[in-house]
Trainee: 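Structure below; questions to follow.
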Protein chains: 2
Amino acid sequence: MSKIPKILVVDDDPDIVEILRYNLSLGGYDVKSAANGKEAIKKAKIFLPEIILLDVMMPEMDGIEACSLIKEIPSLVNTRIIFLSARSEDYTQLSAFDAGADDYISKPVKPKILLKKIESIFKRLNKKNEEITLIDLGEVKIDRNSYLVYLKNKEIALPRKEFELFYLLASKPGKVFTRDEIMGKVWGSEVVVGDRTIDVHIRKLREKIGVLYFKTVKGIGYKFNQ
Amino acid sequence: MSKIPKILVVDDDPDIVEILRYNLSLGGYDVKSAANGKEAIKKAKIFLPEIILLDVMMPEMDGIEACSLIKEIPSLVNTRIIFLSARSEDYTQLSAFDAGADDYISKPVKPKILLKKIESIFKRLNKKNEEITLIDLGEVKIDRNSYLVYLKNKEIALPRKEFELFYLLASKPGKVFTRDEIMGKVWGSEVVVGDRTIDVHIRKLREKIGVLYFKTVKGIGYKFNQ
DNA sequence: GCAGCATTTAACAATTACTTAATATTGTAA
DNA sequence: TTACAATATTAAGTAATTGTTAAATGCTGC
């Protein structure tokens, strides 16, 4: 993601808008604001924010209604909406989620929590775009949704690391993944584990999926062959 | 929704009652009125309105007290209550919501705003009724309306958290829900509870519904299997 | 304020996943 | 072919996650 993430803040109380705007700006976001539901919808259409912070209680059009309307605008279907409210009862939460809310923060808003939430939403957004939930190679299928692998329609459950490794290799059949690449993507670049760890996992995969699928390229790494 | 929506207007000032009655009638609603809290409760029990407009300041029994009492009447639990008040301070709003109010309009009431609010409440009410309240997987049925679970036609009552967890997992059979996901959707993302809380609830479900339905995906989360 | 249930915590056990270490085997370049 | 570095194979050790209980805490209706 290269662009600066955009956030629209909607609250009828200018003080709250200012506090939020200040904190979010510090967090490096591109912030705009609106004072009510109507204005929010108008501005959102032009601004196209990734996230909208929406007060539940507002004059004229309340947040829940605004949320419903926003969710119906095609260019904003992927916009995440976070509600702000003084009440945190189940009732409100429920109708908020019915209206299409993605998260919920109760007032008074603590800047740290807010920023954390926003960050985690962006992380999720980016992840979603990268990830495909199903790799379908005919004989072999890998379903991230259920964390299952299908081999000739036989269902196989794999432990996490094996699954991730398999998923990585199968994401580009025929491509050779270097050990460094595998290490970085499956284990994370900070984790330090021994040389043999990858081999052992490959072995497990060969055992469970079939030897011929996993080709060693000596000195380089491994590749998956259909 | 085929019936004409019913609204009960409660205010000690006959002029205000008349204005509201006039505007709401134009809006196509079936309107009745009461002049104080006591009368309101009496009439509400018979009239069974979907919405009650309740003045906060009234002689004898104020709106907040009346609201609390109304919310305790079983046949009126689904009735939405909108407060009317000359004051719009936070203080009033808070105690109104504590009493179970669903919305709030400050006087002088602008007919347009009033009608819009009412309309949006009805829209929400209807939407809720339309929404899937029953998950039917054959052997297993989960009914949101009654908060009951049917297992091979045997009725099982679950406590709220267990129910919500079950409902979430069963909403997408086969999908693995991560612990974070479960936490966010069942507990709310702000709530902080210990690591073992989810496990304990899963355990209860396994105990009551059956072990084989709930699959652990170690390192990821849980999924429901039919 | 108390009874009864719901929910959470905490401590520990059990299980599973992951890593390592030791050794064997393989592929390849000289 | 030989030497040797890279990889394979095991089994065992270690770490991480989840399961289980019981007890503590919270909550709700009387």
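Protein chains get the first letters and strands the later ones, always in sequence-line order, with residue 1 at the start of each. Side chains are part of it too, since the values below use all heavy atoms of this structure and drop only hydrogens, waters and symmetry mates.
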Trainee: Rounded to the nearest 0.5 Å, how far does CD1 of I220(B) lie from CZ of F163(A)?
Mentor: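 So the gap between those two atoms works out to 8.0 Å.
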
Trainee: Please report the interatomic distance CG(N36(B)) to CG(D12(B)), rounded to the nearest 0.5 Å.
Mentor: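 Going from the CG atom of N36(B) to the CG atom of D12(B) covers 8.5 Å.
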
Trainee: Considering residues at least two apart in sequence or located in another chain, which fulfil the side chain to side chain donor-acceptor pair (under 3.5 Å) criterion with N23(A)?
Mentor: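 N23(A) satisfies side chain to side chain donor-acceptor pair (under 3.5 Å) with no residue once adjacent residues are dropped.
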
Trainee: Using atom types as modelled, flag every donor-acceptor pair under 3.5 Å from a side chain in residues 200-207 of chain B to any protein atom, sequence neighbours excluded.
Mentor:
from    : atom 1 : to      : atom 2 : distance (Å)
H201(B) : ND1    : T197(B) : O      : 3.0
R203(B) : NH1    : E207(B) : OE1    : 2.7
R203(B) : NH2    : E207(B) : OE1    : 3.4
R206(B) : NE     : F214(B) : O      : 3.3
R206(B) : NH2    : F214(B) : O      : 3.0
R206(B) : NH2    : T216(B) : OG1    : 2.7

Trainee: I need the full list of salt bridge (charged side-chain N to carboxylate O under 4.0 Å, His left out) pairs touching residues 170-181 of chain B, with sequence neighbours left out, sorted by first then second residue.
Mentor: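 Salt bridge (charged side-chain N to carboxylate O under 4.0 Å, His left out) check on residues 170-181 of chain B returns K175(B)-E181(B), R179(B)-D199(B).
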
Trainee: Using the heavy-atom set of chain B and a strict 4.0 Å cut-off, write down the first and last nucleotide of DNA chain C that makes it in, 5' to 3'.
Mentor: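 Result: dA6(C) to dA17(C).
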
Trainee: Side chains of D136(A) and I142(A), heavy atoms from C-beta outward: is any pair under 4.5 Å?
Mentor: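 No, their side chains stay 4.5 Å or more apart.
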
Trainee: For Q226(B), which residues count as a side chain to side chain donor-acceptor pair (under 3.5 Å) partner, sequence neighbours excluded?
Mentor: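 Residues passing side chain to side chain donor-acceptor pair (under 3.5 Å) with Q226(B): none at all.
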
Trainee: Does T79(B) use its side chain to pair, donor to acceptor, with the backbone of P49(B) at less than 3.5 Å?
Mentor: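 Flag set: sc T79(B) to bb P49(B) pair under 3.5 Å.
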
Trainee: Specify the angle, to 10°, made by the local axes at the two ends of the helix from dG1(C)-dC30(D) to dA30(C)-dT1(D) when five pairs are taken at each end.
Mentor: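 So the angle between the two local helix axes works out to 40°.
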
Trainee: Taking only residues two or more places apart in sequence or in another chain, which ones pass side chain to side chain donor-acceptor pair (under 3.5 Å) with K215(B)?
Mentor: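 Applying side chain to side chain donor-acceptor pair (under 3.5 Å) to K215(B) gives none.
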
Trainee: Could you measure the distance from the CG atom of L137(A) to the OH atom of Y213(A)? Nearest 0.5 Å is fine.
Mentor: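 Reported to 0.5 Å precision, the distance equals 9.5 Å.
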
Trainee: Could you check whether Y222(B) gets within reach of a base, just the sugar-phosphate, or nothing at all, counting any heavy atom under 4.0 Å?
Mentor: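 Sugar-phosphate only.
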
Trainee: Indicate yes or no for a side-chain donor-acceptor contact from E139(B) to the backbone of K152(B) under 3.5 Å, with no hydrogens or angles considered.
Mentor: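 Not at all, since once roles are kept as given, no pair shorter than 3.5 Å links the two residues.
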
Trainee: I'd like to check the side chain to side chain donor-acceptor pair (under 3.5 Å) partners of K43(B); sequence neighbours left out, ordered by chain and number.
Mentor: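 Counting only residues at least two positions away or on another chain, K43(B) forms a side chain to side chain donor-acceptor pair (under 3.5 Å) with E39(B).
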
Trainee: Both K161(B) and E162(A) contact DNA chain C. Which one's nearest nucleotide lies toward the 5' end?
Mentor: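 The answer here is K161(B).
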
Trainee: Mapping E207(B) and V217(A) to their closest nucleotides on DNA chain D, which lands nearer the 5' end?
Mentor: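 It is V217(A), whose closest nucleotide lies nearer the 5' terminus.
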
Trainee: Could you identify which residues of residues 199-206 of chain A place a heavy atom less than 4.0 Å from some atom of DNA chain D, listed by residue number, or say none?
Mentor: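 Those residues are D199(A), V200(A), R203(A), R206(A).
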
Trainee: Filter on salt bridge (charged side-chain N to carboxylate O under 4.0 Å, His left out), then keep only pairs touching residues 155-171 of chain A, sequence neighbours left out; what's left?
Mentor: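 For residues 155-171 of chain A: R144(A)-E164(A), E162(A)-K208(A).
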
Trainee: Verify, without hydrogens or angle tests, whether K223(A) (side chain) and V217(A) (backbone) share a donor-acceptor contact under 3.5 angstrom.
Mentor: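 A pair under 3.5 Å: no.
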
Trainee: Walking along DNA chain D from 5' to 3', note the first and the last nucleotide with an atom under 4.0 Å from a heavy atom of chain A, and give both.
Mentor: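 Range of nucleotides within reach of chain A: dA5(D) to dT10(D).
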
Trainee: Could you list by number each residue of residues 176-198 of chain A showing a heavy-atom separation from DNA chain C of less than 4.0 Å, or answer none if no residue does?
Mentor: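 When residues 176-198 of chain A is checked for heavy atoms under 4.0 Å from DNA chain C, the hits, listed by number, are W187(A), V193(A), G194(A), R196(A), T197(A).
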
Trainee: Does F177(B) have its ring centroid less than 6.0 Å away from the ring centroid of Y222(B)?
Mentor: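 They do not qualify: ring centres at least 6.0 Å apart.
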
